[in-house]
Amino acid sequence: MIFSGGAVGGCGAAEAQLMADYAKSVLKFDGTVLLEDQSATTWENITNVIPLLENVDRIKIASQPAHALKARAYLRRQRPDLAERLVRADDYRPGEWMAVKPLLALYGLWTLRGLKADERKVSLYSL
């Protein structure tokens, strides 16, 4: 599993490290973990993990739905050959984040404004 994200918002810990720690301690994930802890944007997340994706058979991007859609679009822009390896991810789980879901939806729509119309369409591998 690859976790990507640098330290943001004045927090000393990188997002990648926080997610990896959560996966290990709370979710009891005991597989291989790779960290990319330098990126500050979604574009950089994709750019910086590409070297780690070169030899994998399947790519699954898991995140908040709008962020995952954006990341998949960026992977298609940067490396269409790797984007062909995208598989379905469980981006949306009913009941998850209920209290902040409306705010996340609005923020997600705002962040997707830079994508082309065809990139905003949900396709089989973005579900």
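Note that these values count all heavy atoms, side chains included, but never hydrogens, waters or copies made by symmetry.
Note: Ile59 CD1 to Leu75 CG = 5.5 Å, rounded to the nearest 0.5 Å. Note that CD of Gln38 and OG of Ser4 are 10.0 Å apart. Values are rounded to the nearest 0.5 Å. The distance from atom CZ of Arg88 to atom CZ of Arg58, rounded to the nearest 0.5 Å, is 13.5 Å. Atoms CD1 and OH, on Ile61 and Tyr74 in that order, are 12.0 Å from each other to the nearest 0.5 Å. Rounding to the nearest 0.5 Å gives a distance of 9.0 Å between CD1 of Ile46 and OG of Ser39.
Counting heavy atoms from C-beta on, the side chains of Lys60 and Leu86 never come closer than 4.5 Å.
Within 6.0 Å of CG in Asp81 there are more than 12 heavy atoms belonging to other residues, nucleotides or ligands.
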Distance-only check: which donor-acceptor pairs under 3.5 Å involve side-chain atoms of residues 47-55, not counting sequence neighbours?
from  : atom 1 : to    : atom 2 : distance (Å)
Thr47 : OG1    : Trp43 : O      : 2.9
Thr47 : OG1    : Gln78 : OE1    : 3.0
Thr47 : OG1    : Gln78 : NE2    : 3.2
Asn48 : ND2    : Glu36 : OE2    : 3.2
Asn48 : ND2    : Glu44 : O      : 3.3
Glu54 : OE1    : Arg79 : NH2    : 3.2
Glu54 : OE2    : Arg79 : NH1    : 2.5

Practice item. For Leu34 and Phe3, run side-chain contact (heavy atoms from CB on, under 4.5 Å): C-alpha distance rounded to whole Å, both residues' side-chain angles, the deciding distance at 0.1 Å, then the answer. Key: CA-CA 6 Å; Leu34 301 175; Phe3 294 99; over 6 Å; no
Check your understanding: How far apart are the C-alpha atoms of Asn45 and His67, what are their side-chain angles, what is the distance that settles it, and do they pass the side-chain contact (heavy atoms from CB on, under 4.5 Å) test?
Key -> CA-CA 11 Å; Asn45 289 136; His67 185 253; 4.0 Å; yes
Exercise for review: Give the intermediate values and the outcome of side-chain contact (heavy atoms from CB on, under 4.5 Å) for residues Val33 and Lys24.
Suggested key: CA-CA 9 Å; Val33 170; Lys24 291 176 183 178; 3.7 Å; yes
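Ala16 approaches Leu35 most closely through the heavy-atom pair O-CD2, 3.5 Å.
Put simply, the side chain of Arg85 gets close to the backbone of Val56: a donor and an acceptor are under 3.5 Å apart.
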